[in-house]
Amino acid sequence: MSDNRQVSAALEMQGIRKAFPGVVANDGVDLEVREGEIHALLGENGAGKTTLVNVLVGLLRPDAGWIRVHGRPVEIRSPRDALGLGIGMVHQDFLQSERHTALQNVVLGHPSVPFRPSYRSLRERVAALGERVGLRVNLDAPIHDLPVGERQKVEILRALFHEARFLVLDEPTAVLSPPEADTLFAFLGRFRSNGGAVVFITHKMTEVLALADRATILRRGRKVGTVDVAGCDARTLARLTIGRDPSGGAKGDGPPLGPEVAALEGVTVLDARGLPRLSEVTLSVRGGEILGVAGVAGSGQDALVEVLTGLARPARGTVRLHGRRVPRPSPAAFRAAQTACIPEDRMRSGVALELSVVANLVLGLHRTRFSRLGMIRWRAARAWAQERIATLGIACPDPEARVGTLSGGNVQKVILARELASVPHLLVAAHPCRGLDVGAAEDVRSQLVAVRDRGAAVVLVSEDLDEMLRLSTRMAVLFRGRLVGVLPAMESTREAVGCLMAGLQP
Amino acid sequence: MRMRLVPRGRTSVLAEVGVLTAAVAVSAMVGALVFAAAGAPPLASLGVLVTEPFGSAFGLSETLLKAVPLGFCALAVAAALKVNLWNIGAEGQFCMGALGATWAALYGPVVPGPMRIGFALLCGASMGALWALVPGVLRTWGRVSEILSTLLLNYVAIAWIEMLVYGPWKGEDRFPYTAFIDAGFWLPPLFRRVHAGLLLLVGIAVLLAWIERRTVIGYEVRVVGASPALARTAGLPVAARLLAVLAVAGALGGLAGACEILGVQHRLHAQIAFGYGYTAIIVAFLARRDLLASVGVAVLFAALAVGGDGLPVADPALSPAIVKVFQGVLLLAVLSGSTLVRYRIVLERATPLSTREGA
């Protein structure tokens, strides 16, 4: 590739090295991006993808290596420097000012915007920009009122408003529904044909194949290679990424269906303003099945998860567990009925970052298995934690290490270990594989299947439609808080589910 | 050269001790400057701050005497901080504890001799607990910030005492004091003026630290404090734990007041709390919310106060208020130093991305 670098390399990173205490995140990594291309950055969790782009946008300073833009060596000390060079970043968890409007977030920090800006003219400029590139958002809405897909558009508009010619996206589709992802892809395609360059991080091979021109693959901080996507298939990419053949689908026939474990009847959940998050949902889940819950982002999945874990109390309707009506649903009542939960926001609701691994693992068993006379049997708990850590391959120095020092994939393993330790009859898993690498995600999926095979019920909420189609016994589809269909595995095709998600009858 | 902060995997004890030592050294240096500015010999005056509280049996007893109410109040603040609640109301809980103990001694039911002290302490602790439960309930069900409600209730508590000592509880003489309580209610002396409240303080601090580390309740409180969202998801009774912690915090503040009545003052008056509840906030922070450390730092602060009282004796140019400067600098130094406990400083040579390299 060195022969055509002179002509078209718009952006070059060479020999980037970045070490953190105990780990070398990037070890002599090269990346070369051309104008008019979409360049995928592939790799497992901890492969160093995010570190590399953080170096590119000035959030991290590399220990060694250099960056050239259009052949000119540059020094990027901050995201502001990066934007000045035309490099705009769309973060995985959007770094936005929650209380300000979309418009204010778009223009924030632009050199031409004065200290007391006139929002009317700025609004016209931004609206015209949005119209031109096909990203329409409600500019006057406060950011915290916008769904994630819209917030991402705001982030992209911000980069474009700052005249970015390079867009860097960190797992842009992790939070999007399939239609939203399609909109994003269409936009990225147009951006490319106008000569822009895109670097995007992803775990999803289908996206790479559908969208990218080239892909650079990282493994454990080193570059494995850069390939032309046209000559690849998903298997080749996956093999390059994880260094071995992927284990493939986990779908089995499953055990015979057991009795009903949990059921909702005409359940309505209201938000703080009295608007329905979930309307008149009637649904039942039986032992030995995985019930997939699909829907466009914000269709009521989170409310459904909250109802099925006792966090939200229905305004109307009844909740049954093991055939018995729950008069006052609460997390404690659901826990007592052997319900486990893998929460969506795992760093906040899944673990206590300040506490040790053993203190996190023991939660839920701390009043039964590991207590005596009101005291916690820490020694027994520690021995058990040690065994769990070894079995599940949780990478941590010892059980007393703070969970906050573990990586995302290992935090999810801690949560799984804890939630499965109580042998649940119902497991509610919200986006359990979001942001995990291929290997860790497969581990989580096979655990879900193992729970099902044991005869327990699993409710799986995810935005990865392929994952759900592969795992689910039945698919429930939500649209604007209503249950618009429940399809058995036989009829759950991408098209059928997609139609329902869009509010159409198939 | 560039300086960067790198988070430590776990906090190091060495760093903790080092930071504390450095903070004391910095405060001593600033203190010396203040003494010099006031025209007093800096080193000798600093010496007074050490010899006065620790150098004599009298000084030591005064230090320990002050450490009891301050230590209980610091525990009241630190306990609430365990669940991220800011108890600015130790002063008010102190007052209500003093009120409860006085009521038990002056107007309470007749209790058999040996149990009288215990009964009065219990009344004080209960009043403190009730006083702290008001902000607890407002916070849990009404989403009222406990910072404001605990603070404002301090003034209400003081108003109650004033009403009583100017009115129905007013003693024989013309001043706003109640009558002296019966000597049967006095906490037994240990050493000079130091009373058994000191043993109670240490015993309760050890007990609470043990509960926090070893018991199911203590563990649940730690989970609630570290991640309320996780505690809720796991089905822990979050509201009950918050209220329990606040009740314990209030009881600790109440015990401070009760001990002051039963052990030192023997009668109630409006200035009884003396600002211990506010100083305790600084103490709890210096102790980084740790219960045992709170007691230790309380002794240190009591010593500073006693040392301050000795300053004008040593040099008439000095005011006891100078120790406030000392306290303030100490707090600032420890708080800034706490960054160093959680982060390491890494020095880097020139920027790695130099344009020369690339050219």
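First the proteins, then the strands, lettered A, B, ... as listed; each starts at 1. Values below: every heavy atom of this structure, side chains too, minus hydrogens, waters and symmetry copies.
- Contacts of A:Arg372 with chain B are absent, with no heavy-atom separation under 4.5 Å from either backbone or side chain.
- Only the backbone of A:Val351 comes within less than 4.5 Å of a heavy atom of chain B; no side-chain atom from C-beta onward does.
- Heavy-atom pairs under 4.5 Å with chain B peak, among A:Leu373, A:Leu363, A:Thr309, at A:Leu363.
- Closest approach of A:Ser371 to B:Val216, counting heavy atoms only: CB-CG2, 3.7 Å.
- A:Arg348 touches chain B through backbone and side chain together, each having a heavy atom under 4.5 Å away.
- The aromatic rings of A:Trp378 and B:Tyr219 sit perpendicular, their planes meeting at an angle over 60°, well past the 30° parallel limit.
- Heavy atoms of A:Ala359 lying under 4.5 Å from chain B belong to its backbone as well as its side chain.
- Taking CD1 from B:Ile217 and CE from A:Met375, the interatomic distance works out to 13.5 Å, rounded to the nearest 0.5 Å.
- In this structure the side chain of A:Ile376 never reaches within 4.5 angstrom of the side chain of B:Thr215, judged on heavy atoms.
- Heavy-atom contacts from other residues, nucleotides or ligands closer than 6.0 Å to CZ of A:Arg313 number more than 12.
- Near-neighbour residues of residues 337-345 of chain A relative to chain B, defined by a heavy atom under 4.5 Å from a heavy atom of that chain, comprise A:Cys341.
- Salt-bridge annotation for A:Arg367 and B:Glu220: present, with a side-chain N of the basic residue lying under 4.0 Å from a carboxylate O of the acidic one.
- Listed by first and then second residue, the side chain to side chain donor-acceptor pair (under 3.5 Å) pairs involving residues 130-150 of chain B are B:Arg139-B:Glu146 (not counting sequence neighbours).
- Within the 4.5 Å cutoff, the side chain of A:Asn360 has heavy atoms near those of the B:Leu230 side chain.
- Counting heavy atoms of neighbouring residues, nucleotides and ligands inside a 6.0 Å radius, atom CZ of B:Arg288 exceeds 12 of them.
- Looking only at heavy-atom pairs under 4.5 Å with chain B, the residue among A:Pro331, A:Ser349, A:Gly310 that has the most is A:Ser349.
- Considering all non-hydrogen atoms of both residues, A:Leu355 and B:Ala226 come closest at CG-CB, 3.8 Å.
- Interatomic distance, OG of A:Ser330 versus CZ of B:Arg232, reported as 10.0 Å (0.5 Å rounding).
- Rounded to the nearest 0.5 Å, atoms CD (A:Glu419) and OG1 (B:Thr233) are 8.5 Å apart.
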